[in-house]
Amino acid sequence: CGRLPVWGEMSIFEHTVFSGMRPSGRLHLGNYLGALQNWVTLQEEYRCIYCAVDVHALTDIQGEATKEIRPNVQEMVLDWLAAGIDPEKSLIFVQSQVPEVMVLHSLLSMVTPLGWLLRVPSFKDKVRQLDATEETVSYGLVGYPVLMTSDIVLYKADTVPVGEDQLPHLELAREIVRRFNHLYGPTFPEPQAKLAEYPLIIGLDGKQKMSKSLDNHIELASDEEATRARVLTAFTDPERLRRTDPGRPLICNVYALHKLFNPDKLDDVYQQCTSAQIGCVEDKHLLADGINNALEVFRERRRELAERTGYVADVLRDGALRARVIARETLAEVRDRMGLSEIVL
Ligand code: AMP
Ligand code: TRP
């Protein structure tokens with residue numbers, strides 16, 4: 001689609017941002033508040049690259065279910081664009097369409113001790129979640145953070161806007177970079193995480209991080225009624241059994257969400273909840289109103305974008321073409337540093 005054919009036009013910025021999300025369908029409030037909002041803001045000050053990491057999705061989707069990946073990419077990128085990611089400012093692409101990242105993954109895996117990977121907390125959690133053992137999980141799952149490091153360093157990015165759950169991965173990315181730079185000379189910057197103001201959004205169960213797999217999420221793009229219905233299922237103060245019991249906002253996730261969606265009503269909600277003037281149901285309706293108001297523009301924009309046939313595909317094609325130019329250059333440098341022969345064309 002002809003926008004920004006040369007990367008150089010963007011290089012007025014000193015720093016490069018890279019971030020990715022797995023194409024697991026439509027995004028939820030956790031993705032939005034923990035990462036996407038930050039992605040949008042950073043576009044003004046950084047050279048930004050945002051990636052739909054479909055190869056990472058293969059670490060937990062297999063066989064027939066992989067048919068969902070392509071439509072999921074489409075839905076997720078629509079969410080990005082509707083939230084304000086601007087293809088004129090940012091490079092947006094699908095991970096597997098820049099296959100150089102998989103070569104870099106193999107090369108970086110040569111400098112990554114297995115012990116580092118086995119110690120990553122999210123790896124241990126995932127093994128448990130899959131009801132597997134370290135013996136039975138895929139080699140790809142163990143290497144998840146190496147692929148993530150490859151995503152980032154392929155573009156020599158130094159800033160990575162993510163939610164709090166990704167911090168251990170970035171710690172490991174820095175270790176891999178330090179090791180590579182030590183062995184082969186300074187090549188990559190050490191990537192730093194950039195957290196949003198609220199880097200961990202708790203789900204409707206009031207306990208665990210909001211996530212699609214735990215089904216405790218609110219989708220960004222769902223309509224007002226569906227959002228309200230979801231909010232009404234939220235857990236509140238478990239000790240508030242009767243309408244007349246005073247509530248404890250400080251331990252209630254609905255109150256935590258009011259901070260984000262009803263900042264101007266916060267004092268009133270606190271006072272009315274602790275004095276049992278409003279009940280939890282009323283309180284949740286207030287929250288649903290706040291969320292629906294905040295997302296009105298997003299939803300409208302998403303509807304408009306969804307009607308533009310071929311738009312997402314064009315944006316992604318353009319992004320992949322431009323990303324490959326950078327990727328090839330970095331990979332040639334890495335091959336050279338690692339003593340590999342030049343590619344014969
Ligand atoms: P994922 O859907 O796991 O690929 O996550 C995409 C991005 O959203 C990552 O930067 C995550 O850290 C962030 N994220 C996902 N869930 C949450 C949450 N509940 N709170 C804050 N950030 C989140
Ligand atoms: N692991 C990230 C997640 O689950 C997704 C991801 C893949 C990523 N590669 C990345 C995030 C590179 C930031 C940078 O959300």
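Here the structure is a predicted model, which means the values were calculated and not measured.
L232 CG to C280 SG: the interatomic distance, rounded to the nearest 0.5 Å, is 11.0 Å. Atom OG of S109 is separated from atom OH of Y139 by 5.0 Å, given to the nearest 0.5 angstrom. Taking CD1 of I218 as the reference point, atom CE of M210 lies at 5.0 Å (rounded to 0.5 Å).
Using a 4.5 Å heavy-atom threshold, the side chains of M76 and R22 count as separate. The shortest side-chain heavy-atom distance between F180 and V153 does not fall under the 4.5 Å cut-off. The closest side-chain heavy-atom distance from V177 to P189 is not below 4.5 Å. Here the side chains of V231 and L257 are not in contact, with every heavy-atom distance at 4.5 Å or above. By the 4.5 Å heavy-atom criterion applied to side chains, L130 and L141 are counted as neighbours. Counting heavy atoms from C-beta on, the side chains of S138 and T59 never come closer than 4.5 Å. Looking only at side-chain heavy atoms (C-beta outward), R248 and R240 stay at 4.5 Å or farther from each other. Under the 4.5 Å side-chain criterion, counting only non-hydrogen atoms from C-beta, W80 is in contact with M21.
In this structure, Y50 contributes its side chain and W39 its backbone to a donor-acceptor pair below 3.5 Å. In this structure, the side chain of D151 does not engage the main chain of G20 through any donor-acceptor pair within 3.5 Å. Of the possible donor and acceptor atoms, one in the side chain of R337 sits under 3.5 Å from a partner among the backbone N and O of P186. Using a distance-only test at 3.5 Å, with no hydrogens or angles considered, no donor-acceptor pair links the side chain of Q166 to the main chain of G163. Listed for the D245 side chain is a donor-acceptor partner under 3.5 Å among the backbone atoms of R242.
Annotation for S150 and H105: closest pair OG-CA, 3.3 Å, computed over non-hydrogen atoms. For the residue pair M148 and H56, the shortest heavy atom distance occurs at N-NE2, 3.4 Å. Here the closest non-hydrogen pair linking V55 and Q95 is N-OE1, 2.9 Å.
Checked options R302, R26, R299; the residue passing with D79 is R302 (criterion: salt bridge (Lys or Arg N to Asp or Glu O under 4.0 Å)). The one candidate from L78, L305, L316 that meets the side chain to side chain contact (heavy atoms under 4.5 Å, CB included) condition with Y311 is L305. Remark: of the listed residues K209, Q208, K207, Q208 is the sole one forming a side chain to side chain donor-acceptor pair (under 3.5 Å) with D205. Applying the side chain to side chain contact (heavy atoms under 4.5 Å, CB included) test between D54 and each of T66, I69, N72 identifies I69 as the sole match.
Salt-bridge formation is not detected for the pair R317/D314: no Lys NZ or Arg NE/NH1/NH2 atom is positioned less than 4.0 Å from an Asp or Glu carboxylate oxygen. Of the charged side-chain nitrogens involved, none lies within less than 4.0 Å of a carboxylate oxygen, so that E342 and R335 do not count as a salt-bridged pair. Using a 4.0 Å cut-off between charged nitrogen and carboxylate oxygen, D215 and R230 count as a salt-bridge pair. Comment: R228 does not engage E224 in a salt bridge, judged by the lack of any side-chain N to carboxylate O separation of less than 4.0 angstrom. Here R301 does not pair with E304 in a salt bridge; the nearest charged N to carboxylate O distance is not below 4.0 Å.
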*Do I92 and L81 pass the side-chain contact (heavy atoms from CB on, under 4.5 Å) test, and can you show the C-alpha distance, the side-chain angles, and the key distance before you say yes or no?*
CA-CA 10 Å; I92 309 169; L81 298 171; 3.8 Å; yes
_As a quick check of understanding, evaluate side-chain contact (heavy atoms from CB on, under 4.5 Å) for R179 and H182, giving each step before the final call._
CA-CA 5 Å; R179 181 118 194 216; H182 172 73; 5.7 Å; no
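Residue-environment remark: CG (D131) stays at or below the threshold of 12 foreign heavy atoms within 6.0 Å. Residue-environment remark: CZ (F298) exceeds the threshold of 12 foreign heavy atoms within 6.0 Å.
Side-chain N/O atoms of S275 and Q277 include a donor and acceptor closer than 3.5 Å.
Aromatic pair H258/Y270: ring centres not closer than 6.0 Å. The aromatic ring centroids of F18 and F188 lie 6.0 Å or more from each other.
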